[in-house]
Amino acid sequence: MSPPRKSKASSPASLVEPARREAIRAGLLAWYDRQKRDLPWRRTRDPYAIWLSEVMLQQTQVATVIPYWERFLQRFPTVEALAAAPLPDVLAGWRGLGYYSRARNLHRAAQEIVSRFGGRLPSTAAELLTLPGFGRYTAGAVASIAFSEPAPLVDGNVARVLSRLFEIEGAPGDKAREARLWELATALVPGERPGDFNQALMEHGATVCRPEKPLCLLCPVREQCLAYRHGRVDELPPAKVRAAPKRMTLAVAVWAHEGRLLLARRSEKGLFGGLWELPTAEVEDDTSDPDSATKLAEALGAEVSVRGHLGTVRRQLTHRALSLRLLRVTGRQHPTRAPAFQELRWCTPNEASSLGMSTAMHKALEAAVSAGALHD
DNA sequence: CATTCGTGGCG
DNA sequence: TCGCCAAGAAT
């Protein structure tokens, strides 16, 4: 029989002792005002630009995002411009950034913002949540940063900071833990400058309350930190358990004809959805060349024969170990459409390299060309 | 609730 | 060379 748990807080703010709440808020905000990094999306108040930064920053580091964000905004400066662009152009702007469903959802959301909201982002987290690509985090981030709504957010940084401050047990993904973290974030955010407070929480997690070797001696809220008081900073939160990456082998058709290569655009769903590639077909690791040719022929809806090997490109993703086996192929007819692909195109290497294409396929393309794919 | 979806940096 | 992971969302 467990002792009666604290009754469910009637108002979120009462979840945290008022004095403690104010100490945490004031400490983090003052620290943020002194120490925040000068990031380009902190120099704008354009909700669209802020939204774009939040989407790009999902599971992606600040340093990686900066050049993409600037380039993308030049190419698609407004919601209307983005909504009007063809998806392949949008994916080309996203090329190399990864998690391409973010770009597809961004594009769809832009179109909905035009059709449903007259081209202006809605200003509340509740409304933002109805748009593709907006989860709880991104809705809270845009609502608070761009529109000053006291909407909470919990990302990986915030989860770590709050886990330590309040000594929350449980591993990432644990339902009770997540609920508790969102309650705490909800309790803390009401007050002045909710957007800055949310960014302060994240910035603190990114630079001081880091996963490894946190800088507790520089921490502005150390005196409020239960994990610090109890010497448990290094054990909170516990690391996420990840599944071992699965092997995936793709036969890649390197089909050259009069100085051009056959390119294909993948289906919208799944891995590298909507991106261009040298046509691929998934095969078993030990598939023979003739069997690979059969798979590629099915995908392309054309007769295909293998003329030789141009090497193998390996690529490690979070959850997959990719093996791209480059096969020089040819056939009697030169297909211009195919059952497994949205679109086919015969491109010069220059044209090909400007298409929206995964980094894995870019490397494969380079490898094929330098192995002499265009010669006999 | 578990799985899927990329990439580059860093120790 | 390799494991770990970073401002998550969709299914």
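Just so it is clear: chains get the letters A, B, ... in the order the sequence lines come, proteins before strands, and each one is counted from 1.
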S.K.: Mind listing the N/O atom pairs, protein and nucleotides 1-4 of chain C, below 3.5 Å?
M.R.:
none

S.K.: Taking only heavy atoms on the protein side, list every residue of residues 131-141 of chain A lying under 4.0 Å from any atom of DNA chain C, sorted numerically.
M.R.: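 P132(A), G133(A), F134(A), G135(A), R136(A), Y137(A), T138(A) - these, ordered by number, are the residues of the stretch whose heavy atoms sit under 4.0 Å from the strand.
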
S.K.: Under the 6.0 Å and 45° cation-pi test, does R328(A) pair with W255(A)?
M.R.: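 Checked: cation-pi criterion not met.
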
S.K.: Using a cut-off of 4.0 Å on non-hydrogen atoms, how would the nucleic acid contact of R314(A) be classed: base, sugar-phosphate, or nothing?
M.R.: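 Nothing: the residue R314(A), judged by heavy atoms under 4.0 Å, touches no strand.
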
S.K.: What integer number of Å spans the P atoms of dG6(B) and dT11(C)?
M.R.: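 To the nearest whole Å, 14 Å.
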
S.K.: Would you call R232(A) and E235(A) a salt bridge, using N to O less than 4.0 angstrom?
M.R.: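 Yes, this pair counts.
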
S.K.: Under a 4.0 Å heavy-atom cut-off, which of residues 164-177 of chain A touch DNA chain C?
M.R.: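 Contacts with DNA chain C under 4.0 Å: none.
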
S.K.: Any side-chain donor paired with an acceptor under 3.5 Å for Q58(A) and Y137(A)?
M.R.: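 No donor-acceptor contact under 3.5 Å links the two side chains.
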
S.K.: Would you list the pairs meeting side-chain hydrogen bond (donor to acceptor under 3.5 Å, both in side chains) in which at least one residue belongs to residues 206-224 of chain A, sequence neighbours left out?
M.R.: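 Of all non-adjacent pairs touching residues 206-224 of chain A, those that pass side-chain hydrogen bond (donor to acceptor under 3.5 Å, both in side chains) are R20(A)-Q224(A).
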
S.K.: Considering just the side-chain nitrogens and oxygens of K246(A), establish if one lies under 4.0 Å of OP1 or OP2 belonging to dT4(B).
M.R.: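 Result: yes.
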
S.K.: With a cut-off of under 6.0 Å to the ring centre and 45° to the axis, is R120(A) in cation-pi contact with F117(A)?
M.R.: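 The answer is no; the distance or angle limit is not met.
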
S.K.: Tell me every residue that passes side-chain hydrogen bond (donor to acceptor under 3.5 Å, both in side chains) with D174(A), counting only those two or more places apart in sequence or in another chain.
M.R.: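 Once residues adjacent in sequence are excluded, D174(A) has no partner under the side-chain hydrogen bond (donor to acceptor under 3.5 Å, both in side chains) criterion.
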
S.K.: Regarding L39(A), tell me which of base, sugar-phosphate or nothing describes its non-hydrogen contacts under 4.0 Å with the strands shown.
M.R.: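 Since a base atom lies under 4.0 Å of L39(A), the category is base.
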
S.K.: What string of B, S and - do you get for nucleotides 5-11 of chain B, 5' to 3', when a contact is any protein heavy atom under 4.0 Å?
M.R.: BBBB---

